[in-house]
Amino acid sequence: MPELPEVETIARGLTKAIVGKTIERVDVRLAKMALAPAGVSFAHALAGERIAGVMRRGKYAVIGLRSGRRLVTSLRMTGRLVVQRPGEPDFPATHIALQFTDRTRLNFADVRTFGRMRLVEPGEEWELGLGIEPFSSDFTQEWFLSMLSGRTTPVKALLLDQRRIAGIGNIYACEALWEAGIRPSRPAKALTKAAIHRLHHAIIDVLQRAVDLRGTSIDDYVDADGLQGGFQNVLAVYGRAGDACHRCGTLIVRTVIGARGTWWCRTCQR
DNA sequence: CTGAGATCCTGGGGGC
DNA sequence: TGCCCCCAGGATCTCA
C-alpha cells in the first residue's frame with residue numbers, strides 16, 4: 001500500500017523522469033479511474049499540457065502542469081505510477097496512459113482499480129480536510145499532544161486518520177508504535193506525555209528511514225522506474241506474525257483494530 | 001463528534 | 001495436488 005514514503009519516492013522519480021515533457025494524448029481505458037472531469041473531457045483537457053513539477057501531499061502524488069492545473073493521483077492499495085520508455089510494453093493493468101510527445105508514457109496501473117486521478121483547476125481546493133504533514137514544522141509535540149488528548153479512540157486509529165495526520169498508513173502506524181513501545185489498542189488519552197513524545201519522534205524517524213530506503217515493497221509497490229523499495233527488509237512488526245521481536249524475542253502477534261490487521265509485540269508494547 | 005459498517009475489486013491464501 | 005471460496009485494505013459515505 002503506497003503510504004507517505006512510497007508516494008514520496010514515486011514523486012521524486014517522476015520529477016526526474018517527466019518534468020518538462022509535453023502530453024500528446026491520454027488513453028483512459030477505465031473511465032471511473034479518471035474521477036474529474038468526468039468523461040472524455042479528462043483526456044481532452046490534458047492534451048498539450050506540459051509537466052511543470054511533481055510533489056507529494058499525504059498519500060497523493062500531485063503532478064503540476066504549466067497551466068497551473070494539477071493532476072492529483074490517489075494510488076489507494078495497488079495503484080502504480082510507472083514510466084515506460086518507447087517500445088516497452090504497457091505495465092500490467094494500465095488503466096490510464098499519458099503519452100508524451102517524446103514517445104515515453106506515464107502509466108497509471110491498478111489491478112484492483114481503486115486508484116483515482118483528478119484534474120484540479122488553479123485555485124481549486126482539493127485537499128480540504130487533509131491533515132498536517134509529518135515532516136512539516138506544524139507537526140509539533142504540542143500539536144500531537146492536544147490531538148491525542150481526551151480521546152478514547154485507539155491510538156493506532158488516530159494515526160491512520162488522514163484528516164489529522166496525512167500520509168501514515170497501516171505499515172508505518174504499526175512500525176512507529178513498536179518503535180515507541182506503545183500498544184496499538186491503547187486509548188489515546190491513556191498515553192503518558194513521555195509516551196506521546198516517544199511516538200512523535202518514532203513517526204518522524206520511521207517515515208524518514210523508509211523514505212531513505214525508497215519505501216516498502218510487499219505485494220505491489222514499485223517506484224516510478226518499476227523498482228522495489230528496501231524497507232520491507234527492516235520491518236520490525238508489520239507482517240511478522242509468529243516471528244521473534246527484534247527487541248525482546250517475544251513472538252509478534254496479529255490482531256484487528258478498526259477492521260485493520262495490526263502487528264505488535266505483547267511484551268515491549270504497553 | 002465518534003464509531004461501526006458497507007462499498008469497491010481481485011490475487012492469493014486457506015481450507016477441504 | 002487441485003479447486004473453490006473468502007477476504008484484506010484506503011478512502012468515502014451512510015447511519016446510529
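Keep in mind it's a predicted model, so treat the numbers as computed, not measured. Side chains are part of it too, since the values below use all heavy atoms of this structure and drop only hydrogens, waters and symmetry mates. Letters go in sequence order (proteins before strands), and every chain restarts at 1.
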Rounding to an integer number of Å, can you tell me how far A:L128 CG sits from C:dT12 C1'? 15 Å
Side chain of A:N170 - closest among C:dG9, C:dT12, B:dG11: C:dG9
Closest to the A:Q162 side chain, choosing from C:dA11, B:dT2, C:dG9: C:dA11
Quickly work out the A:Y60 OH to C:dG10 P distance and round it to whole Å. 13 Å
Ignoring the backbone of A:R260, work out which of C:dG10, C:dA8, B:dC1 is nearest its side chain. C:dG10
Over all strands shown, is A:R163 touching base, sugar-phosphate only, or nothing at heavy-atom distances under 4.0 angstrom? nothing
Whole Å only: how far is the CZ atom of A:R116 from the C1' atom of C:dA11? 10 Å
I want to check one thing: is the phosphate of C:dG10, taken as OP1 and OP2, less than 4.0 Å away from some side-chain N or O of A:K59? no
Whole angstrom is fine here: how far is it from CD1 in A:I257 over to P in C:dG10? 14 Å
Considering only side-chain heavy atoms of A:F114, which listed nucleotide, C:dG10, C:dA11, B:dT10, is closest? C:dG10
Does a side-chain N-to-carboxylate-O contact under 4.0 Å join A:R70 and A:E127? no
Out of C:dG9, B:dT2, C:dG10, minimum distance to the side chain of A:R151 belongs to B:dT2
Rounded distance (Å) that lies between atom P of C:dG9 and atom CE of A:M77: 9 Å
For A:L35 and C:dT12, give me the distance from atom CG to atom C1', rounded to whole Å. 11 Å
How many whole angstroms separate atom CH2 of A:W263 from atom P of C:dA8? 10 Å
Looking only at C:dT12, C:dG9, B:dT2, the nucleotide nearest the A:R164 side chain is B:dT2
Can we say A:E24 and A:R103 salt-bridge, meaning some charged N sits less than 4.0 Å from an Asp/Glu carboxylate O? yes
Side chain proximity check, A:Y172 to A:L159, heavy atoms < 4.5 angstrom: no
Please confirm whether the backbone N or O of A:G13 pairs with a side-chain atom of A:D225, one donor and one acceptor, at under 3.5 Å? no
Whole-Å distance separating the CG atom of A:D110 from the P atom of B:dG11: 11 Å
Could you tell me how the ring of A:H246 sits relative to the ring of A:W178: parallel (under 30°), tilted (30 to 60°) or perpendicular (over 60°)? perpendicular
Heavy atoms under 4.0 Å, any strand shown: does A:G169 hit a base, just sugar-phosphate, or nothing? nothing
